[in-house]
Amino acid sequence: MDNLLNFTRAPNSSFTTSENSDWEPKYVKTIHHTLSAIICVIGILGNILVIIITSTKRSSKTAIHKYIFNLAIADIGVLVICYPLTLVKAADPLKWPLGEVVCKVFYPFSDIFYSASIGSIVAIAIDRHTAIVRGMTAHRSLSVAKWVILGVWLSGFIAVVTPLYFVMAYIEKNGTIDCTSVWPSTVAENSYIVSLSILWYILPLVLILWAYRQIASKIRASKMLHSRINSMCGTRKASTMKRTDAANTKALKILVPVVIAFAVTMFPFHAFRLAFLFVRVSRWRYLWIVYNICTVLLLSNSAVNPIIYSLVSREFRQRFKDALRFKCRRLFRESTRRKLNSSSLRQSLTGPGRETDV
């Protein structure tokens, strides 16, 4: 994250570590670290529960749960690997303590988790679009999901991580040890940063909004059609159509909050990064405070999804409770009653023509 924020160079050219301490009051540091720790704990536990729930025999048979599983894996990577490395770098920018191998190999590679997280959210939106608008079958969607997930990780490595391997430098000089990116030119550096803002935020948001706009239009048209059919064909056929409409509507109810959370929590991060490139803000007194706000919001994006699932989906909420109470048999068993009656999560996450055994 620090690489992509382009903040690793700032201490060398703008201010020293001692100045950083003066610019960021101790109580602000305490609040920042406490809040970050709470977010990390909640996010790690929540995403572990999501992994457990989506790994059950029934859930693993649906494409949407594979995307949610992949999203949880990526978010755990952000919370467990990316953020601790960012803290190490921010604690003392000119005293990198983890050695050259971590600096040149693992530090840039950690950014792949952000890419995979965003890619998974986009994949969920496109999957809902193909299921509801285009009517893709469950079997077809599941076979496609495996390749989509592979493509998410591979494209993130090529587009985000690979360029960093050519510019990361481990510099020992005058008693300091710096792990930073050294670009051949300012144009190359700025191009990379801008392209990531496009690939990580603007393009994904456009794709997601387009997908949900199409879904909303489809649901609206479907409801109007079913209303006319109800008046012509009677209530039996209409009731089946109403259940389909309800399933599609609930799909939006559980996924729209995920998109809103992504848009809100990621915007300050990208705005700050672009401002740091094109505006002279390096001597701004509250720079570190703004930076910490951006990192906390970015961190919360990886912790909020399990909370959204539990708030919106009654079935997911019940499975969270089962996992927390260690009711493993209840969590994994095939229950005919639940299979027949569990409409909340099934209808929330799947559309017409899609089967799920959540």
* To do: Take Leu164 and Asp111 through the side chain to side chain contact (heavy atoms under 4.5 Å, CB included) test and state the conclusion after the steps.
  => CA-CA 10 Å; Leu164 293 175; Asp111 287 328; 3.5 Å; yes
* Audit row: Ile31, Asn292, side chain to side chain contact (heavy atoms under 4.5 Å, CB included) steps and yes/no -> CA-CA 10 Å; Ile31 295 174; Asn292 287 332; over 6 Å; no
* List the steps and the verdict of side chain to side chain contact (heavy atoms under 4.5 Å, CB included) for Trp200 and Val160. => CA-CA 10 Å; Trp200 270 27; Val160 179; 3.5 Å; yes
* To do: Could you walk me through whether Leu205 and Met266 pass the side chain to side chain contact (heavy atoms under 4.5 Å, CB included) test, one step at a time?
  => CA-CA 10 Å; Leu205 193 58; Met266 295 291 285; over 6 Å; no
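Between Pro306 and Leu49 the shortest side-chain heavy-atom distance does not fall below 4.5 Å. Side-chain contact between Ile289 and His32: absent, with no pair of heavy atoms (C-beta onward) separated by less than 4.5 Å.
Ring geometry for Tyr192 versus Trp183: interplanar angle of 30 to 60°, hence tilted.
The number of heavy-atom neighbours closer than 6.0 Å to CZ of Phe267, taken from other residues, nucleotides and ligands shown, is 12 or below.
The ring-ring contact (aromatic ring centres under 6.0 Å, His included) check on Tyr67 picks up nothing, with sequence neighbours excluded.
From Ile39, atom CD1 reaches atom OG1 of Thr34 across 11.0 Å, with rounding to the nearest 0.5 Å. Between atom CG of residue Asn301 and atom CD1 of residue Ile118 there is a gap of 7.5 Å, rounded to the nearest 0.5 Å. Separation of atoms NZ (Lys66) and CG (Asp127) is listed at 12.5 Å; rounding is to 0.5 Å.
Asn305 contributes no side-chain N or O that, together with a main-chain N or O of Ile68, makes up a donor-acceptor pair within less than 3.5 Å. Between the Thr162 side chain and the Ala159 main chain, no donor and acceptor come within less than 3.5 Å of each other.
Checking Asn70 against Trp153 by side-chain atom types alone, a donor-acceptor pair falls below 3.5 Å.
Here the closest heavy-atom approach between residue Ala72 and residue Asn47 is recorded as CA-OD1, 3.5 Å.
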